[in-house]
Amino acid sequence: MEIKISNFKLVNDVIGIFDEDDYFINLVKNISFNEKTISINGKKLTGFQKRRFLNKIKIIDKEIDDSLLSLNIYQYMRYDIIDNLLNLKDYKKKIYDSLSIVGLKNLNLNKKIIELSSCEKKLLQFATALLSNPDIIIFDCFFEVFDIKLRKKISNLLSQLVERYKKVVILCSNQGEFIYKYTNYSIVIKDGKKLIDGKTEEVFTNNVRLLIDNGFDVPEIIMFSYKANLIKNAKLNYHKDCRDLIKDIYKKV
């Protein structure tokens with residue numbers, strides 16, 4: 001299935017939106033029902049179809065709304081169920097299952113949101129997003145608060161959502177490191193327009209100069225190889241793992 005929102009093609013994968021101005025996420029939040037901005041397999045959706053489609057999208061914002069911080073975990077997730085009119089057969093089981101999926105099964109449901117760590121808040125947002133069983137999950141600057149171990153665990157979970165449950169997972173960030181390391185397909189947006197899209201490795205490794213010229217944050221591991229090749233003619237390959245880069249250096253430098 002090919003989904004297009006405006007001119008941005010979404011594939012069934014972990015997608016990176018490299019966007020310094022939050023253009024894409026604001027576009028999704030403010031889609032007009034009178035404009036034909038969404039198409040599936042080349043067919044524009046009607047206003048009614050668009051409403052149904054948007055109901056299957058869940059956006060995980062950068063932070064939990066301040067007005068909800070005084071709620072406990074159970075109240076927060078129950079509020080989401082009511083606010084989104086979710087028709088769940090056993091909502092309590094759904095809450096426990098969603099928390100378990102993201103690694104929060106041992107968290108006390110009576111604990112207030114304001115008492116949670118930054119990581120716990122992010123994972124709670126993730127668990128809450130899963131309550132509605134969305135087809136598309138959009139994460140806004142999600143990975144930044146996690147350590148390397150947790151990032152790897154969450155990355156594996158996102159891959160499972162794509163492969164096993166056919167979800168579209170979108171990571172929005174203004175930091176190239178996260179897009180490069182944790183996504184498979186990328187869209188680079190500049191001034192509200194698509195600058196580049198394609199497989200993540202190709203987007204970054206084939207367009208280093210273009211990204212630099214447009215002011216984007218190029219991953220350090222790519223910049224190292226790029227500068228070594230440009231200045232020293234080192235002929236290093238581009239890598240995602242520093243260990244692979246070190247091996248390459250030993251072979252060629």
Side-chain angles (χ1 to χ4, degrees), residues 1-62 80 83-87 125-126 128-143 155 157-176 178-180 182-207 210-211 214 216:
M1 178 188 295
E2 181 182 288
I3 300 169
K4 271 193 173 183
I5 297 180
S6 189
N7 291 317
F8 306 113
K9 182 177 74 173
L10 307 181
V11 296
N12 178 227
D13 212 330
V14 180
I15 303 170
I17 302 287
F18 197 9
D19 176 11
E20 296 186 328
D21 301 317
D22 294 333
Y23 178 83
F24 179 83
I25 204 161
N26 287 323
L27 171 69
V28 176
K29 286 180 177 179
N30 299 293
I31 282 177
S32 168
F33 290 101
N34 297 320
E35 298 176 8
K36 294 183 177 180
T37 49
I38 301 175
S39 66
I40 297 179
N41 295 332
K43 184 179 179 180
K44 298 286 186 180
L45 299 189
T46 65
F48 176 73
Q49 291 170 329
K50 194 182 295 183
R51 286 182 187 277
R52 291 183 63 184
F53 175 80
L54 291 174
N55 283 337
K56 299 301 288 182
I57 297 177
K58 197 69 178 180
I59 297 175
I60 299 176
D61 287 315
K62 292 176 184 176
D80 186 83
D83 189 50
N84 290 288
L85 304 175
L86 301 183
N87 184 19
Q125 287 179 278
F126 188 5
T128 305
L130 294 176
L131 290 171
S132 61
N133 191 28
D135 292 332
I136 300 175
I137 309 175
I138 303 175
F139 297 83
D140 191 6
C141 298
F142 188 70
F143 272 89
S155 179
L157 175 55
L158 297 182
S159 295
Q160 286 182 42
L161 289 176
V162 169
E163 294 164 12
R164 190 177 300 175
Y165 302 105
K166 308 304 177 187
K167 306 295 184 185
V168 175
V169 173
I170 301 174
L171 304 181
C172 298
S173 179
N174 58 11
Q175 297 187 34
F178 297 107
I179 299 293
Y180 181 59
Y182 298 109
T183 71
N184 301 316
Y185 184 91
S186 292
I187 303 170
V188 181
I189 299 174
K190 176 73 174 180
D191 298 328
K193 296 180 180 179
K194 179 180 69 181
L195 183 66
I196 326 163
D197 68 350
K199 292 181 179 179
T200 295
E201 286 197 37
E202 295 175 1
V203 163
F204 280 90
T205 60
N206 294 343
N207 299 281
L210 180 63
L211 291 170
N214 281 276
F216 283 95

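- For E2, there are no side-chain hydrogen bond (donor to acceptor under 3.5 Å, both in side chains) partners two or more places apart in sequence or in a different chain.
- Legend: residues meeting salt bridge (Lys or Arg N to Asp or Glu O under 4.0 Å) with K62, ordered by chain and number and at least two apart, are D22.
- Atom CD1 of residue I15 and atom CD1 of residue I137 lie 12.0 Å apart, to the nearest 0.5 angstrom.
- Contact of the I5 side chain with the T37 side chain is not registered, since no non-hydrogen atoms from C-beta on lie closer than 4.5 Å.
- Here the side chains of K4 and L10 are not in contact, with every heavy-atom distance at 4.5 Å or above.
- Evaluation of the side-chain hydrogen bond (donor to acceptor under 3.5 Å, both in side chains) rule for N26 yields no partner, not counting sequence neighbours.
- By the side-chain hydrogen bond (donor to acceptor under 3.5 Å, both in side chains) test, T200 is found to be paired with T183, S186, residues two or more places apart in sequence or in another chain being considered.
- With sequence neighbours left out, the ring-ring contact (aromatic ring centres under 6.0 Å, His included) criterion links F139 to F126, F142.
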**Request:** Kindly indicate, with the supporting measurements, whether the criterion side-chain contact (heavy atoms from CB on, under 4.5 Å) is fulfilled by I3 and I136.
**Result:** CA-CA 11 Å; I3 300 169; I136 300 175; 4.2 Å; yes
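- Contacts of K44 classified as salt bridge (Lys or Arg N to Asp or Glu O under 4.0 Å), with partners at least two apart in sequence or in another chain: none.
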N/O donor to acceptor pairs below 3.5 angstrom from side-chain atoms of residues 53-61, sequence neighbours left out:
from : atom 1 : to   : atom 2 : distance (Å)
N55  : ND2    : R51  : O      : 3.2
K56  : NZ     : N133 : O      : 3.1
K58  : NZ     : D80  : OD1    : 3.2
D61  : OD1    : K29  : NZ     : 2.8

**Request:** Just do the side-chain contact (heavy atoms from CB on, under 4.5 Å) check on Y180 and T205 with the steps written out, would you?
**Result:** CA-CA 10 Å; Y180 181 59; T205 60; 4.1 Å; yes
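- In this structure, S155 has no side-chain hydrogen bond (donor to acceptor under 3.5 Å, both in side chains) partners at least two apart in sequence or on a different chain.
- Rounded to the nearest 0.5 angstrom, I40 CD1 and K43 NZ are separated by 10.0 Å.
- Tested against V169, the residues N184, L158, D13 include a single side-chain contact (heavy atoms from CB on, under 4.5 Å) partner, L158.
- Under the side-chain contact (heavy atoms from CB on, under 4.5 Å) test applied with C172, the options I189, D19, I138 reduce to a single match, I138.
- Heavy atoms only, all atoms of each residue included: L171 and I179 are closest at O-CD1, 3.5 Å.
- Remark: F143 pairs with Y182 by the ring-ring contact (aromatic ring centres under 6.0 Å, His included) rule, at least two apart or across chains.
- Heavy atoms only, all atoms of each residue included: C141 and S173 are closest at SG-CA, 4.5 Å.
- A distance of 10.0 Å separates CG of L27 from CD1 of I17, quoted to the nearest 0.5 Å.
- Here salt bridge (charged side-chain N to carboxylate O under 4.0 Å, His left out) pairs that include residues 184-203, with residues two or more places apart or in two chains, are K194-D197.
- Checked against side chain to side chain contact (heavy atoms under 4.5 Å, CB included), V188 has the following partners two or more places apart in sequence or in another chain: F18, L195, I196, V203, L211, F216.
- Residue N87 places its CG atom among 12 or fewer non-hydrogen atoms of other residues, nucleotides or ligands, all under 6.0 Å distant.
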